[in-house]
There are 2 protein chains.
Amino acid sequence: MARIEADLEDLSTRARIRDAALRHFGEHGFGGASIRGIAEAAGVSSGLVRHHFGSKLALREACDDYLIKTVRRINDEARTDTMLADVNPVAAAQAALGPYQRYLARALTEGWAAPLFDEMARLSEEWLEEVDKARPDPPFASRKARATVATAMSLAVPILHQHISRGLGVDLASPEGAHLLAMTLLDIHSHPMVTPEAAAAMREGLEKLRDKSL
Amino acid sequence: MARIEADLEDLSTRARIRDAALRHFGEHGFGGASIRGIAEAAGVSSGLVRHHFGSKLALREACDDYLIKTVRRINDEARTDTMLADVNPVAAAQAALGPYQRYLARALTEGWAAPLFDEMARLSEEWLEEVDKARPDPPFASRKARATVATAMSLAVPILHQHISRGLGVDLASPEGAHLLAMTLLDIHSHPMVTPEAAAAMREGLEKLRDKSL
DNA sequence: ACGGTTACTACACGATCGTATAATTTAAGG
DNA sequence: CCTTAAATTATACGATCGTGTAGTAACCGT
């Protein structure tokens with residue numbers, strides 16, 4: 001019983017522990033993080049962590065559940081609140097994901113959180129459906145394939161956050177960094193790296209290579 | 001003294017340990033991997049690992065050094081051997097990086113290996129210099145910024161290898177997977193996600209947003 | 001053949017890990 | 001007020017961690 005808040009989600013001790021876990025898992029990875037460290041960060045005893053979540057693995061799964069719920073919420077909000085999202089979706093996503101970026105990166109690279117990626121790819125696919133309407137030529141690959149790869153490429157930004165920051169010379173979390181990144185992404189996404197002619201040639205070469213090897 | 005092989009690098013026990021470490025660090029992360037596990041995988045005692053590398057951290061640094069050397073070698077080879085690299089650079093890089101992909105992913109996401117990323121970004125910048133010659137309009141962002149972000153986006157493929165494989169329905173390591181990925185990347189890179197007009201509008205919006213916030 | 005450097009193993013130490021259990025405090029309901 | 005359940009802590013256990021030390025086996029120049 002108890003917990004009248006139901007799906008309002010808790011602002012309680014349990015939530016504090018989960019937030020600390022998200023931060024710790026993000027910073028040290030699953031193997032590197034420790035229950036005791038999480039407990040200390042949350043200001044509780046290590047036994048209480050176990051009492052609320054059962055085990056380290058179950059705690060991670062609770063983090064995953066919370067994060068996937070957050071991603072969905074962010075996506076919904078981005079649809080209604082068009083203003084900021086249209087102008088600087090990068091900054092918007094970054095602000096919304098906020099302290100969970102590092103956890104997201106860990107989750108994806110350490111192998112768990114497959115549903116999380118799939119959900120994001122699904123959202124990308126929906127978005128691609130709109131974009132495809134304005135496209136004259138037939139795509140080389142299925143929409144799902146393009147959505148999957150595009151999702152992965154987008155995720156490179158939060159995953160390699162610090163490396164990009166170092167390369168740009170400013171922290172991506174700062175307003176200047178977000179702006180510079182948005183400009184750079186805009187330039188990249190509005191200028192094909194490969195010309196249509198070169199693409200056709202490469203495509204032909206690829207097909208030949210494939211026929212030969214089969 | 002000893003070690004006549006010099007920079008030929010060793011095929012010896014030391015190399016076996018390092019390879020096992022690359023695999024273990026890649027699979028379990030730095031925190032999750034254990035000296036004993038690495039030693040067992042290499043078929044030696046755990047003491048020998050320490051004897052050759054001193055500490056866990058030094059072992060990781062040795063892995064980094066080896067990997068950065070490998071990346072440089074691959075890049076050089078790709079310049080001379082144009083055949084495969086031009087047709088399917090994705091498959092080429094994948095085949096060359098081979099078993100080190102997971103380590104690379106860990107190294108980049110766990111925060112170490114900054115020199116590795118910077119080296120790759122530098123190589124990207126050199127490559128961009130060639131591409132820029134055929135470009136009519138001035139870029140929105142500096143070459144280094146574009147090279148950095150493009151490098152990050154390219155790295156998303158090995159980093160999110162398993163998620164992309166799941167999304168495509170085939171293992172990226174298989175010939176079919178490599179082909180499908182190459183096709184998808186070709187489509188993405190030859191079709192701007194944003195039209196020039198939309199890009200100009202977004203850019204203007206971005207600048208305004210920036211002026212307002214400063 | 002032999003002395004010395006190096007490769008390699010066995011083992012022990014202290015720390016820390018995840019987990020388990022029992023005790024204690026807090027909160028709530030009748 | 002008293003009972004009962006939940007929240008929270010304290011403490012302990014066994015395993016495993018990285019590291020240190022001492023000892024053995026192999027190799028090599030002379």
Side-chain angles (χ1 to χ4, degrees), chain A residues 1-6 8-64 103 106-107 110-112, chain B residues 1-64 66 103 106-107 110-112:
Chain A
M1 301 301 131
R3 196 160 314 283
I4 310 180
E5 340 168 32
L8 222 204
E9 266 307 342
D10 34 11
L11 219 56
S12 57
T13 305
R14 190 185 155 96
R16 284 217 325 277
I17 295 175
R18 190 203 51 218
D19 279 4
L22 279 162
R23 229 171 317 129
H24 256 63
F25 283 142
E27 278 190 30
H28 310 109
F30 181 71
S34 73
I35 302 262
R36 286 175 174 86
I38 294 169
E40 190 182 7
V44 299
S45 74
S46 70
L48 190 58
V49 177
R50 172 171 163 80
H51 175 259
H52 276 299
F53 295 93
S55 75
K56 193 182 181 183
L57 202 75
L59 174 57
R60 196 188 72 184
E61 283 164 0
C63 288
D64 284 345
Y103 180 88
R106 295 279 185 174
E110 297 200 356
W112 11 301
Chain B
M1 298 302 130
R3 196 161 314 285
I4 310 179
E5 342 168 31
D7 244 59
L8 223 203
E9 265 309 341
D10 34 11
L11 219 55
S12 57
T13 305
R14 190 184 154 96
R16 285 217 324 279
I17 295 176
R18 190 204 50 218
D19 278 4
L22 279 161
R23 229 170 318 127
H24 255 64
F25 283 141
E27 279 189 29
H28 309 109
F30 181 70
S34 73
I35 302 261
R36 286 174 175 87
I38 293 170
E40 190 183 7
V44 298
S45 73
S46 70
L48 191 57
V49 177
R50 172 174 163 80
H51 175 257
H52 277 300
F53 296 94
S55 75
K56 193 182 182 184
L57 201 75
L59 174 57
R60 196 188 72 183
E61 284 164 359
C63 288
D64 284 344
Y66 176 76
Y103 179 88
R106 295 278 186 174
E110 296 200 355
W112 11 304

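Naming convention: chains lettered A, B, ... in sequence-line order (proteins, then strands); numbering from 1 in each chain. Quick note: numbers below take in every heavy atom, side chains included, and nothing from hydrogens, waters or symmetry partners.
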Between dT16(C) atom C1' and Lys56(B) atom NZ, what is the distance in whole Å?
12 Å

Give a yes/no answer on whether the side chain of His51(B) brings an N or O atom under 4.0 Å of OP1 or OP2 in dG20(D).
no

Using atom CZ of Phe53(A) as one end and atom P of dA20(C) as the other, report the distance to the nearest whole Å.
17 Å

Worked check of side-chain contact (heavy atoms from CB on, under 4.5 Å) between Trp112(A) and Glu61(A):
CA-CA 9 Å; Trp112(A) 11 301; Glu61(A) 283 164 0; over 6 Å; no

With a 4.5 Å cut-off on side-chain heavy atoms, are Arg14(A) and Phe53(A) touching?
yes

What are the two closest heavy atoms between Ala41(B) and His24(B), and how far apart are they?
CB-CE1, 3.8 Å

Any side-chain heavy atom of Ile38(B) within less than 4.5 Å of one from Ile35(B)?
no

From the candidates dC8(C), dT9(D), dC17(D), the one with an atom nearest any side-chain atom of Leu48(A) is dT9(D)

Measure all distances between protein nitrogen or oxygen atoms and nitrogen or oxygen atoms of nucleotides 25-27 of chain C, and list the pairs falling under 3.5 Å.
none

Which of residues 24-45 of chain B have a heavy atom under 4.0 Å from DNA chain C?
Arg36(B), Val44(B), Ser45(B)

Tell me whether the side-chain N/O atoms of Thr13(A) come closer than 4.0 Å to OP1 or OP2 in dT8(D).
yes

Using a 6.0 Å distance limit plus a 45 degree cone around the ring axis, check whether Arg60(B) lies over the aromatic ring of Tyr103(B).
no

Rounded to the nearest 0.5 Å, what's the gap from CG on Leu22(A) to CG on Asp64(A)? Could you check?
8.5 Å

Got a donor-acceptor contact below 3.5 angstrom from the Arg36(B) side chain to the Ser46(B) backbone?
no

Euclidean distance, atom CG of residue Leu57(B) to atom C1' of dT19(D) [Å, nearest integer]
13 Å

Quick check for you: to the nearest 0.5 Å, what is the distance between Arg18(A) atom CZ and Leu59(A) atom CG?
10.0 Å

Just call it for Ser55(B): base, sugar-phosphate, or nothing, with non-hydrogen atoms closer than 4.0 Å on any strand.
sugar-phosphate

Would you indicate, yes or no, if dT6(C) has its OP1 or OP2 atom less than 4.0 angstrom from a side-chain nitrogen or oxygen of His52(B)?
no

Contact under 4.0 Å: Arg50(A) side-chain N or O vs dG18(C) OP1/OP2:
no

Under-4.0 Å salt bridge between Glu27(A) and Arg106(A)
no

